[in-house]
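Notes follow the structure.
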Amino acid sequence: MPELPEVETVVRSITARIVGKSIVSASFSSHRVTRGDHDATGTALVGSTISGVERRGKQIWICLDRGFLYVHLGMTGKLLWNGEPGKYTRACLQLTDGVLLFDDIRTFGRFEFFPERDTALAPVGPDALTVPVGEFVRRLRERRGRIKAVLLSQSFLAGVGNIYSDEALYSAGIHPRTPPGRLSEARARRLHTAMVEILEAAITHKGSSISDYVDGLGERGSFQQLHAVYGRTGEPCPRCATTIRRIVVGQRGTYYCPRCQRV
DNA sequence: TCAAATGTTTGATC
DNA sequence: GGATCAAACATTTG
């Protein structure tokens, strides 16, 4: 589910609803997601006022007047405004007006209070949507391994996941197993352009709803209809009609066109 | 019925 | 320090 475009869509859908409101009460049902003492987390949150919501890569930072609420959607997390609590609700914040829920089936997500921002987490690279092309190209070509694995690495670049790495590599005509150092300057720049264009288009379409992704108001995205290769094994390439193949790169299912994408 | 796969990150190991 | 792999978990797919 949630890569940069989906997280951005969630942030846009809830920000105006929660900023300026205070947390009246908090309840939790998963120690995996909160990574800590529920009472202490509740004590830290209750009484705080929400001053803003920011995204960095796939991270969501809900800024409070004292501290920060860090939210990561993992694979199946949902941040829902005024949703109905259910079997997979892991956290529930009652605000002065309305309720903010964190649902997460597989509990790979996080919902944690931090007194200070960023300090407790592994540093992430520049945001994929705003990284300057020069910086992207320079850092990319220093990396070893395979281009797809590098794009997925959040320490290299924040925000790209499995769907958008495949779509960006397809758009740029680059084979997912290409060593980054082998890319010409021109091809690396082309990859940057393709990546940013695809991320922006996906945001316009409110993200990709592959299975059950929805934004903060419960609405599905539609960008999955525009995927050229992701999840399209056996279908014809939109450009050359060659059959789309699925391989495994960096332990991840990887979709590509064997004719359009060469090393 | 069961094995494999699923969008994520992390931590261990080489 | 990087790259690679397994693990965390529940549900769906073949």
Side-chain angles (χ1 to χ4, degrees), chain A residues 1-10 29-36 55-61 70-79 86-91 102-112 114 118-125 128 139-169 176-182 198-199 202-203 205-215 220-227 229-234 245-255:
Chain A
M1 170 179 73
E3 304 178 34
L4 188 151
E6 290 76 31
V7 176
E8 176 68 20
T9 302
V10 168
S29 66
S30 164
H31 284 282
R32 267 183 58 75
V33 162
T34 54
R35 301 282 170 106
R55 179 192 62 76
R56 177 158 191 197
K58 301 171 194 171
Q59 303 174 342
I60 299 171
W61 290 90
Y70 165 65
V71 180
H72 197 295
L73 301 176
M75 283 177 75
T76 54
K78 298 178 188 176
L79 209 45
K87 185 176 173 185
Y88 302 113
T89 298
R90 312 296 182 184
F102 183 65
D103 283 12
D104 189 8
I105 293 178
R106 292 177 67 180
T107 67
F108 289 175
R110 302 278 284 272
F111 192 94
E112 289 183 82
F114 286 119
D118 280 352
T119 51
L121 299 169
V124 296
R139 296 184 63 226
L140 181 69
R141 295 169 83 199
E142 289 169 356
R143 287 287 190 132
R144 302 179 188 287
R146 294 154 298 187
I147 184 76
K148 159 126 179 179
V150 172
L151 288 178
L152 290 178
S153 165
Q154 300 301 295
S155 62
F156 168 70
L157 191 68
V160 174
N162 207 31
I163 295 174
Y164 297 103
S165 61
D166 280 5
E167 292 295 320
L169 288 170
R177 287 208 247 253
T178 306
R182 295 264 301 273
I198 282 168
L199 293 174
I203 291 171
H205 289 84
K206 298 192 168 187
S208 302
S209 289
I210 296 295
S211 59
D212 65 348
Y213 161 76
V214 291
D215 71 8
R220 289 169 58 85
S222 62
F223 195 67
Q224 67 279 3
Q225 295 167 13
L226 300 176
H227 292 171
V229 290
Y230 184 83
R232 299 201 182 279
T233 311
R245 286 189 59 195
R246 179 188 186 277
I247 57 176
V248 174
V249 180
Q251 307 169 261
R252 314 294 291 278
T254 298
Y255 304 89

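A note on names: the letters A, B, ... follow the listed sequences, proteins ahead of strands, and every chain is numbered from 1.
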To the nearest angstrom, how far is [X] atom [atom1] from [N] atom [atom2]?
X      : N     : atom1 : atom2 : answer
A:L73  : B:dT9 : CG    : C1'   : 13 Å
A:Q154 : C:dG2 : CD    : C1'   : 17 Å
A:R144 : C:dT4 : CZ    : P     : 11 Å
A:E3   : B:dT6 : CD    : P     : 13 Å
A:R252 : C:dA7 : CZ    : C1'   : 14 Å
A:E142 : C:dG2 : CD    : P     : 10 Å
A:Y230 : B:dA5 : OH    : P     : 13 Å
A:F111 : B:dT9 : CZ    : C1'   : 19 Å

**Report entry** Closest-nucleotide ordering on DNA chain C, the 5'-leading residue of A:K87 and A:R32
**Finding:**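 Of the two residues, A:R32 wins.
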
Query raised in the report: Of the candidate nucleotides B:dT6, B:dT9, C:dA3, which contains the atom at the shortest distance from the side chain of A:M75?
Result: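 Nucleotide nearest to A:M75's side chain: B:dT6.
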
Query raised in the report: To the side chain of A:R146, which of C:dA8, B:dT9, C:dT4 is closest?
Result: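 Selected nucleotide: C:dT4.
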
Query raised in the report: Going by heavy atoms in the side chains, are A:S222 and A:K206 under 4.5 Å from each other?
Result: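 No, their side chains stay 4.5 Å or more apart.
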
Report task. Taking the side chain as every heavy atom from C-beta outward, state whether A:S165 and A:R252 have any atom pair closer than 4.5 Å. Result ->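 SC-SC contact between A:S165 and A:R252 ruled out.
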
Once rounded to the nearest 0.5 Å, what's the spacing between atom [atom1] of [X] and atom [atom2] of [Y]?
X      : Y      : atom1 : atom2 : value
A:R32  : A:R106 : CZ    : CZ    : 10.0 Å
A:R177 : A:I147 : CZ    : CD1   : 14.0 Å
A:E167 : A:F223 : CD    : CZ    : 6.5 Å

Report task. Go through the N and O atoms of the side chain of A:R110 and the base of B:dT9, and report whether any donor-acceptor pair is under 3.5 Å. Result ->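 Such a pair does not exist between side chain and base.
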
Report task. Provide the Watson-Crick or G-U wobble partner of B:dT9, both distances under 3.5 Å; none if there is no partner. Result ->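 Matched B:dT9 with C:dA7 under the 3.5 Å cut-off.
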
Report task. Searching all strands shown, indicate the nucleotide that pairs with B:dT1 (Watson-Crick or G-U wobble; both distances under 3.5 Å). Result ->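 By the stated definition (distances under 3.5 Å), nothing pairs with B:dT1.
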
Under 4.0 Å between a side-chain N or O of [X] and OP1 or OP2 of [N]?
X      : N     : result
A:Q251 : C:dT4 : no
A:R246 : B:dT6 : yes
A:H72  : B:dT9 : yes

Requested in this report: Give A:F156 one of three labels, base, sugar-phosphate or nothing, depending on what nucleic acid heavy atoms sit under 4.0 Å from its own.
Outcome: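 Nothing, no nucleic acid heavy atom in range.
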
Query raised in the report: Within the structure shown, what part of the strands sits under 4.0 Å from A:I105 by heavy-atom distance: base, sugar-phosphate, or nothing?
Result: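 Contact class for A:I105: sugar-phosphate only.
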
